[in-house]
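Reminder, nothing fancy here: chain letters follow the sequence lines and each chain counts from 1. Reckoned from all heavy atoms, side chains included, excluding hydrogens, waters and symmetry mates.
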2 protein chains.
Amino acid sequence: MATIKDVADATGLSRSTVSRVINRHPYVAKEKKLLVEEAMKQLGYTPNSLAQRLRKRKTETIAVIVPRIANPFFSQLVESMEMVAGEHNFQLVVCQTNNNKQRELKYLNLIKTKQVDGIILTSIDNDWEVIKEYTNYGPIIFCNEYDENAGVPTVKLDQFKGGYIGTTHLIERGYTKVACCCGFFNSSLTDDRIHGYRTALKERGLPFRDEWCRTNAFSIDDGKRILRDLMHLEEPPDAVFTGSDEVAAGMIKEAKQLGVVIPEEFGVLGFDDQPIAELMEPGITTIHQPVKEIGKKAMEIMLSYDSKPLNEIVELPLHLVVRGST
Amino acid sequence: MATIKDVADATGLSRSTVSRVINRHPYVAKEKKLLVEEAMKQLGYTPNSLAQRLRKRKTETIAVIVPRIANPFFSQLVESMEMVAGEHNFQLVVCQTNNNKQRELKYLNLIKTKQVDGIILTSIDNDWEVIKEYTNYGPIIFCNEYDENAGVPTVKLDQFKGGYIGTTHLIERGYTKVACCCGFFNSSLTDDRIHGYRTALKERGLPFRDEWCRTNAFSIDDGKRILRDLMHLEEPPDAVFTGSDEVAAGMIKEAKQLGVVIPEEFGVLGFDDQPIAELMEPGITTIHQPVKEIGKKAMEIMLSYDSKPLNEIVELPLHLVVRGST
DNA sequence: TTGAAAGCGCTAACAA
DNA sequence: TTGTTAGCGCTTTCAA
């Protein structure tokens, strides 16, 4: 492989001058610039970015940490992040934790070992006290999941509102025994959704029951399983507010299996407004999240972090989309 | 940040010895090893991997090129690749081409500039003659999409068989006017599927019609649009073999919209066996592809490439899954 | 506008 | 078993 020295030798100039041409430095005589460019082409020279990175102390690489990339919500998030990163010639490293603390730590280490310039966390497994240490090595940003006390740049949605308007909608539809089935136990996002759910119940004078409030549901299969559980309770609910369209879809599928008619006998509300929400029969009433936008925004904040490291909290809007499942 | 020199100074040893400890070199006195480890902990030292990479000429990073990560097929592929890479402490950089040749080239350049050790291509946009040049810089592997003439390691499925068994199934169900609606025009994968489709038609003495054979369909919306097109033909088909479950789902949705009854009046066959195939009403009869396995296998070949750079072609099995749409 | 020289942090051949 | 030394390929003062 040709190196900068080869180009220097070929042109009779110094490595400095060649470097200046590579980096579009202003003070290079036009003729020498052309000479260098010619030689680079001739030799098939490409700068070794490993060397550039070591010297500049910049990797032009961002890591995004997700539970699982195959989860449609996260793959959409990553899609929009990659598009922004790509435009700026940054690379995006995908890290899957499977919600494992150890794996999250392993990936947080990427910033300590200078393998990436920054990390975007879309889920949080370790306590903030643990994660905090890594902020000494470079920017860490939250996108989707969050921690109020962290004081790092955050792009999120008003999850309280999501829980509130979803539950309120179910109640207005006439359901009186509303269950909820959210994601991670022990996450601010889930806490806020459940808080919104409980607030809506309270406002309308409906009961909250522990056995109707489930967490750690993510997949279609989780939805199926939990619906069956709920139906077998002594007092089954007549509607459910879920934390994702996948869970809602699994519930609808299983309800049909059990002969429960949706929405007449049981109402199901999703979250995210994934393509599947429109395809299901009946369509899933859901809370639309601007997934693409939050991913885009988070990456933009990351890429402009050096010039303005504000610890801003961006909150994007979400809204209800009514379909047939309620 | 502490460097190896700091550790050397703190212990009174040389950088070499510290380096040996870092790299688990056999010949280091146990006591000195402990001494070094103690000092590393004390100083909060972590090796700078940029420097290690430059020196070792290894990035421990693999790039995977996909059209769009939000496409469920590709997100599953990437999920399994990342899992294997992660186990080996390799990073996975995700690159989205959107089927743009320029973007593909930009990402192929990662290997030229030594930013990654290898590239896995899951789709192909440029001609092999163009891509070939990049094999001089490191391993390039095909996974999913392929090019027979390339002579690079390839993990694929028997797409001819997929087209053949899918179409045969439709014919056996009694459909006689079978259309097809595949992915990229100008890809070996698509060519082979269509070839299988045509072979099945021919064997059963059914006609092939140009206007029944569509390509460049990927999304739910493509499915909807094309179904409408097909239905408005002078002689509409009575079934369709599609290249993905998303397209099939879009078609089923649109058919309902148009009042076309599935499977009685129109049969739809998907490809991939995504979760959505089971959720749709009716369920989508589809060709199951072992997505996880091909991703896993491709990454395994990549990671073992140095020790055994065989240009093997691995072909994994696919099979029909019958549901309600045919 | 250019070049010499130092050095980013690390590894590895060689010598001891 | 350890240390010395020479780089990996590049950028960036500093001086000219």
Rounded interatomic separation in angstrom, taking NE2 from B:H25 and C1' from D:dT1: 9 Å
Position toward the 5' end of DNA chain D (nearest nucleotide), B:R57 or B:A29: B:A29
Sugar-phosphate, base or nothing in reach of A:L50, heavy atoms under 4.0 Å: nothing
Distance test, side-chain N/O of A:K5 to OP1/OP2 of D:dG9, below 4.0 Å: no
Euclidean distance, atom CE of residue A:M1 to atom C1' of D:dC8 [Å, nearest integer]: 14 Å
Audit row: A:V314, A:L316, side chain to side chain contact (heavy atoms under 4.5 Å, CB included) steps and yes/no: CA-CA 6 Å; A:V314 177; A:L316 270 56; 3.2 Å; yes
Whole-Å distance separating the NZ atom of B:K33 from the C1' atom of D:dT2: 16 Å
Pairing residues for A:K296 by the side-chain hydrogen bond (donor to acceptor under 3.5 Å, both in side chains) criterion, not counting sequence neighbours: A:E300
Spacing of CD belonging to B:E104 relative to CG belonging to B:N99, to within rounding of 0.5 Å: 8.5 Å
Full working for side chain to side chain contact (heavy atoms under 4.5 Å, CB included) between B:N144 and B:F74: CA-CA 10 Å; B:N144 180 53; B:F74 292 102; 4.0 Å; yes
Whole-Å distance separating the CZ atom of B:R53 from the P atom of D:dC10: 17 Å
Set of residues satisfying ring-ring contact (aromatic ring centres under 6.0 Å, His included) with respect to A:Y134, sequence neighbours excluded: none
Value in whole Å for how far the P atom of D:dC10 lies from CD1 of A:I22: 6 Å
Pairs under 3.5 angstrom, nitrogen or oxygen only, protein versus nucleotides 12-15 of chain D, please.
{"from": "D:dT12", "atom 1": "O4'", "to": "A:R55", "atom 2": "NH2", "distance (Å)": "3.2"}
{"from": "D:dT12", "atom 1": "O4", "to": "A:S16", "atom 2": "OG", "distance (Å)": "3.4"}

Residues B:E79 and B:K292 bridged, charged N to O under 4.0 Å: yes
B:K112 with B:E133: basic N within carboxylate O range, under 4.0 Å: yes
Residues that A:F218 engages under ring-ring contact (aromatic ring centres under 6.0 Å, His included), provided they are two or more places apart: A:F184
Span of DNA chain C, from the first to the last nucleotide whose atoms fall under 4.0 Å of chain B heavy atoms: C:dG9 to C:dA13
Could you pull out every donor-acceptor pair under 3.5 Å between side chains of residues 148-155 of chain B and any protein atom, sequence neighbours left out?
{"from": "B:T154", "atom 1": "OG1", "to": "B:V152", "atom 2": "O", "distance (Å)": "2.8"}

